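What follows is one structure encoded as structure tokens, with my remarks underneath.
Residue numbering restarts at 1 for every chain, and letters A, B, ... go by the order of the sequence lines. If you're wondering where the values come from, they're calculated on a predicted model, not measured in any experiment. Hydrogens, waters and symmetry mates play no part in the numbers below; they use all other heavy atoms, side chains included.
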Protein chains: 2
Amino acid sequence: MSRYDPSAFPPFAVTVDLVLLTVREHELCALLVRRGEPPFQGYWALPGGFVRPGEGLGEAASRELAEETGLRAHASPGQVMAGAHLEQLATYGHPQRDPRMRVVSVAHLALAPDLPTPKPGGDARGARWAPVSELLGPGRTDREPLAFDHELILADGVERARSKIEYSALATAFCPEEFTVGELRRVYEAVWGVVLDPRNFHRKVTGTPGFLVPSGGTTTRQGGRPAQLFKAGGATVLNPPMLRPES
Amino acid sequence: MSRYDPSAFPPFAVTVDLVLLTVREHELCALLVRRGEPPFQGYWALPGGFVRPGEGLGEAASRELAEETGLRAHASPGQVMAGAHLEQLATYGHPQRDPRMRVVSVAHLALAPDLPTPKPGGDARGARWAPVSELLGPGRTDREPLAFDHELILADGVERARSKIEYSALATAFCPEEFTVGELRRVYEAVWGVVLDPRNFHRKVTGTPGFLVPSGGTTTRQGGRPAQLFKAGGATVLNPPMLRPES
DNA sequence: GCAAAAGTGTTGAGAATACACCCATGT
DNA sequence: ACATGGGTGTATTCTCAACACTTTTGC
């Protein structure tokens with residue numbers, strides 16, 4: 001049982017898959033692409049692909065994200081760049097998860113603002129934003145399954161996003177560069193599937209140092225009284241955290 | 001740029017590495033093994049090895065853990081079995097992290113009680129429990145480095161353990177099957193490197209439903225007044241969480 | 001004027017801290 | 001008797017949730 005025997009290691013294929021989430025029309029949505037080849041031809045799947053020989057895992061995820069959306073982001077320290085957040089999620093390596101060969105997939109989680117292109121077309125095949133409630137909800141047993149174990153990966157990604165906006169400033173990754181407190185609140189409401197008190201929410205986020213910085217302008221794009229515009233502050237961890245109701 | 005092309009995928013070696021932590025004499029310690037072959041021959045490293053062809057990632061980690069300690073644990077849902085906790089940590093795949101070939105390592109985090117064997121000998125080479133303060137502390141620039149990127153992996157594992165005992169019942173994985181509130185408190189103190197108020201700690205953990213269940217007995221092994229013995233309760237998530245001071 | 005969304009003030013409930021104090025053992 | 005750790009009570013401080021109320025726009 002010698003370890004690290006270079007002449008005898010079993011070869012694996014390594015891919016990255018992307019759980020790319022956004023908030024559209026008050027709903028948390030994930031990007032899916034239609035598979036053009038077997039296996040699972042015609043099924044919807046998470047975007048992904050092989051890691052190239054000289055490429056790091058975060059680099060590969062970043063490249064896939066750029067191919068699908070045009071956004072630039074780096075995965076290394078879980079950082080936000082050019083409006084998108086990218087971080088490693090988990091790795092899936094069940095021996096039979098791909099019927100052709102042994103494939104280990106390093107899934108990444110990406111959070112992006114509502115993109116202007118409704119159907120991003122990095123590849124020629126179809127792509128769509130699907131509400132996660134239609135993909136994972138406990139109802140709807142008639143839904144068409146995703147390829148491979150992508151339903152599991154998606155569920156893990158959604159769970160991670162839901163818990164991470166509690167104690168980090170990541171919810172701003174779902175917003176455009178400038179946004180109002182109300183828009184940020186609607187992000188929380190969509191991701192958690194709850195309604196929050198607008199007054200307490202306002203006090204909380206504006207009172208957390210480093211979370212939001214005023215950008216000077218105002219907007220009335222949501223109707224009503226003009227709202228102050230903010231940008232994401234430097235803070236990455238929220239203390240005290242946002243509290244999810246009904247826990 | 002066709003994806004999932006079986007005839008052209010670049011082959012990777014896939015390993016699992018273990019960040020195995022325990023608390024010994026009021027200190028958080030990690031298990032290290034001495035490398036017997038190049039590269040990094042003679043360096044201390046995290047225990048680990050190749051994933052076998054028919055084996056899942058959690059299975060491989062579980063097997064490595066058993067080889068090193070004799071403990072049984074399953075990694076799938078991050079579960080505790082036979083006194084140890086095992087969960088996937090993160091995956092490390094920098095192209096040059098192994099000088100021989102392209103290796104992707106799926107690191108796992110394991111938490112175990114103080115084991116009776118001071119120097120577990122799963123392999124013939126040496127093994128030791130090293131206090132993490134000696135391996136990662138900001139001082140001690142003279143310390144010998146670990147093999148590969150294992151210092152980074154260890155740091156990530158320690159950080160995960162520190163934050164996870166805040167909002168989960170995982171600290172009990174560091175304790176024997178039956179333990180006192182004081183022993184559990186000393187686990188928190190060792191992992192966080194702080195001192196906690198024994199009175200408030202006692203009220204907090206005994207007041208959190210499902211965290212601890214009395215096992216009926218008492219002990220005086222810590223001296224002083226006999227302390228009630230507890231076992232880990234079924235709860236996995238702590239609500240409200242334990243609060244780390246000075247944040 | 002009226003609806004709609006933004007923002008402020010106030011109040012009461014519950015949790016965390018700090019610490020005084022008592023309890024039950026070993027030596 | 002005394003040291004040692006286990007465990008309870010209590011006052012102060014802080015945060016959170018609930019909600020009344022005011023502000024500023026579009027129609």
Side-chain angles (χ1 to χ4, degrees), chain A residues 25-26 165-167 175 178-190 192 194-209 211-231 237-247, chain B residues 23 25-26 165-167 175-176 178-190 192 194-231 235 237-247:
Chain A
E25 297 161 15
H26 290 210
I165 63 172
E166 259 183 275
Y167 57 89
C175 295
E178 290 195 333
F179 53 91
T180 69
V181 171
E183 287 162 354
L184 182 63
R185 175 171 47 84
R186 279 178 272 278
V187 163
Y188 274 93
E189 291 178 334
W192 284 345
V194 299
V195 289
L196 300 173
D197 185 304
R199 292 97 73 170
N200 293 333
F201 183 87
H202 186 279
R203 207 193 336 267
K204 178 99 181 201
V205 296
T206 55
T208 300
F211 193 2
L212 302 181
V213 294
S215 74
T218 62
T219 183
T220 62
R221 62 185 173 225
Q222 302 289 342
R225 166 174 165 182
Q228 221 181 331
L229 284 168
F230 292 88
K231 294 196 282 196
V237 51
L238 258 37
N239 210 313
M242 302 295 299
L243 290 185
R244 187 164 14 173
E246 181 75 3
S247 65
Chain B
V23 173
E25 297 161 13
H26 291 208
I165 63 173
E166 259 183 275
Y167 57 89
C175 296
E178 289 195 334
F179 54 90
T180 69
V181 171
E183 287 161 353
L184 182 63
R185 176 171 47 83
R186 279 178 272 278
V187 163
Y188 274 92
E189 291 178 334
W192 284 345
V194 298
V195 289
L196 300 173
D197 185 304
R199 292 96 74 171
N200 292 334
F201 183 88
H202 185 279
R203 207 193 336 265
K204 177 98 181 203
V205 297
T206 56
T208 300
F211 193 3
L212 303 181
V213 295
S215 75
T218 62
T219 183
T220 61
R221 63 183 172 226
Q222 302 289 343
R225 165 176 165 180
Q228 220 181 333
L229 283 169
F230 292 88
K231 295 196 281 195
V237 52
L238 257 37
N239 210 312
M242 302 295 299
L243 290 185
R244 184 164 15 173
E246 179 76 2
S247 65

What distance separates [X] [atom1] from [Y] [atom2], expressed to the nearest 0.5 Å?
| X | Y | atom1 | atom2 | answer |
| --- | --- | --- | --- | --- |
| Leu196(A) | Arg186(A) | CG | CZ | 11.5 Å |
| Glu178(A) | Lys231(A) | CD | NZ | 6.5 Å |
| Asp197(B) | Arg203(B) | CG | CZ | 8.0 Å |
| Glu183(B) | Phe230(B) | CD | CZ | 11.5 Å |
| Phe211(A) | Lys204(A) | CZ | NZ | 10.0 Å |

Would you mind building the protein contact string for nucleotides 20-27 of chain C? One character per nucleotide, 5' to 3', B for base within reach (heavy atoms under 4.0 Å), S for sugar-phosphate only, - for untouched. B--BBB--
Under 3.5 Å donor-acceptor, Glu189(B) side chain and His26(B) backbone: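 No.
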In this structure, how many angstroms lie between the [atom2] atom of [N] and the [atom1] atom of [X], rounded?
| X | N | atom1 | atom2 | answer |
| --- | --- | --- | --- | --- |
| Asn200(A) | dT10(C) | CG | P | 15 Å |
| Arg203(A) | dT11(C) | CZ | C1' | 11 Å |
| Arg186(A) | dA4(C) | CZ | P | 13 Å |
| Arg244(B) | dA16(C) | CZ | P | 16 Å |
| Lys204(B) | dT17(C) | NZ | C1' | 11 Å |
| Asn239(B) | dG14(C) | CG | C1' | 14 Å |

Which part of the nucleic acid, if any, lies within contact of Arg221(A), taking any heavy atom under 4.0 Å across all strands shown: a base, the sugar-phosphate backbone alone, or nothing?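 Contact class for Arg221(A): none.
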I'd like to know whether Thr180(A) forms a side-chain contact (heavy atoms from CB on, under 4.5 Å) with Leu229(A), so could you lay out the CA-CA distance, the side-chain angles of the two residues, the decisive distance to 0.1 Å, and finally the verdict. CA-CA 5 Å; Thr180(A) 69; Leu229(A) 284 168; 3.9 Å; yes
Under 4.0 angstrom between His202(A) side-chain N/O and dG7(C) OP1 or OP2: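 Indeed, a polar side-chain atom of His202(A) lies that close.
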Which nucleotide sits closest to the side chain of Ala227(A): dA16(C), dG7(C), dA18(C)?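 Of the options given, the side chain of Ala227(A) lies nearest dG7(C).
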Step by step, would you call Val205(A) with Met242(A) a side-chain contact (heavy atoms from CB on, under 4.5 Å)? CA-CA 8 Å; Val205(A) 296; Met242(A) 302 295 299; 4.1 Å; yes
Answer yes or no: is there a side-chain heavy-atom contact under 4.5 Å between Leu184(A) and Leu212(A)?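 Side chain of Leu184(A) against side chain of Leu212(A), heavy atoms only: contact under 4.5 Å found.
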How would you give the extent of chain B contacts on DNA chain D, as first and last nucleotide 5' to 3' within a 4.0 Å heavy-atom cut-off?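 Extent of the interface on DNA chain D: dT4(D) to dT10(D).
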